[in-house]
Structure formats: structure tokens, C-alpha cells
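Structure, as C-alpha cells:
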Amino acid sequence: MTKTHAIQSIPFGELPARRRWRAHAFAIVALGLLMTPFIHDGTMILLARWQSIFGPTPAVETPFLDALTETWSSSYRALDRGSTHAFRNVPWSPATVLGVGGVWVVVACRLLMQRH
């Protein structure tokens, strides 16, 4: 069946609806607006590097990247503190759990290999 045959078999009144270009345009504009702070701060850093070729390196303020870095660092520290405390005080022996888990994996692999 060729492409033209498939197109001709669809009745005129039942043609698929065209995609909405406004929704795509809105999504592109929204994505562009979300990327604007990254582009601005990146451009400031890039311009400062180019200016450093001709003289002293200027001080660059990147408030968005600084806030993003601070949020990431504080989240990482909180997660690290919480997970370290949770995994350091476990009511079981890690050596036993790893051994039982390894045996379980080997048995499961053998069962899967026997089926084929």
C-alpha cells in the first residue's frame, strides 16, 4: 500500500485535525522565558572572560546562578545528613544482608536461565 493510496482512503470530512500552532508557539515562548536567567548569567560570565583578555578580570554578579548553587548545596547537605544518619544506625548486619542478597541474585539468575 503506497502513501497516496492511504491518503485517498480517508474521506474528506474525516481528515485529521491540523496541529495547533498557537500551542506550540506558546510552549516555545514559555521555554524561552524560563531559560532567560540562565542565558543572561552565562552571557555575563562570557563577556567577563573576553574583557579579561584586555586587562584585569571584572567582578561578575550572577544572582540566579548563585541562588541555584546555594539551593543545590543546601539540599545536598540536608540529604547527606539525613541519609548518613539513617544508614549508619541500621538494625541488621550489612555483611549478612549483602550475602543474602548475592545468593538471591544468583538463584534468580539460575531460574531465569533454566526457562530458556
Side-chain angles (χ1 to χ4, degrees):
M1 185 180 279
T2 63
K3 288 183 181 180
T4 56
H5 182 59
I7 291 173
Q8 291 172 354
S9 66
I10 299 173
F12 180 71
E14 297 179 8
L15 288 177
R18 289 178 36 187
R19 292 186 180 173
R20 297 181 190 180
W21 62 272
R22 288 183 184 176
H24 291 288
F26 178 75
I28 290 171
V29 169
L31 185 63
L33 289 175
L34 288 174
M35 295 299 292
T36 301
F38 290 109
I39 294 169
H40 178 266
D41 287 354
T43 305
M44 295 301 292
I45 293 170
L46 184 66
L47 289 175
R49 286 186 177 185
W50 275 101
Q51 287 178 354
S52 68
I53 294 173
F54 301 111
T57 305
V60 179
E61 294 182 10
T62 56
F64 186 75
L65 290 178
D66 293 342
L68 191 64
T69 303
E70 181 60 35
T71 302
W72 178 264
S73 298
S74 64
S75 300
Y76 178 76
R77 284 192 303 265
L79 184 66
D80 186 46
R81 271 186 265 128
S83 64
T84 301
H85 177 69
F87 287 111
R88 193 167 287 184
N89 302 324
V90 293
W92 60 81
S93 169
T96 306
V97 170
L98 289 176
V100 169
V103 169
W104 188 321
V105 167
V106 169
V107 169
C109 287
R110 296 291 296 172
L111 286 173
L112 286 172
M113 288 188 333
Q114 286 178 0
R115 290 188 136 177
H116 286 97

Rounded distance (nearest 0.5 Å) linking atom OG1 of Thr36 with atom CG of Leu31: 9.5 Å
Phe54 versus Trp50, closest heavy-atom pair with distance: CD1-O, 3.8 Å
Pro63 side chain reached by Asp41 side chain, heavy atoms, under 4.5 Å: yes
Co-membership, hydrophobic cluster, residues Phe26 and Trp21, 4.5 Å side-chain: no
hydrophobic_cluster_shared for Ile45 and Ile39, side chain cutoff 4.5 Å: yes
Same cluster (ILVMFWY, side-chain, under 4.5 Å), Leu47 and Phe38: no
Same apolar cluster (I L V M F W Y, side chains within < 4.5 Å links), Leu68/Leu46: no
Salt bridge (charged side-chain N to carboxylate O under 4.0 Å, His left out) partners for Arg77, two or more places apart: Glu70
Enclosure of Phe64 CZ (heavy-atom neighbours >12, cutoff 6.0 Å): yes
Nearest atoms (heavy-atom pairs only) where Pro58 meets Ala48: CD-O, 3.7 Å
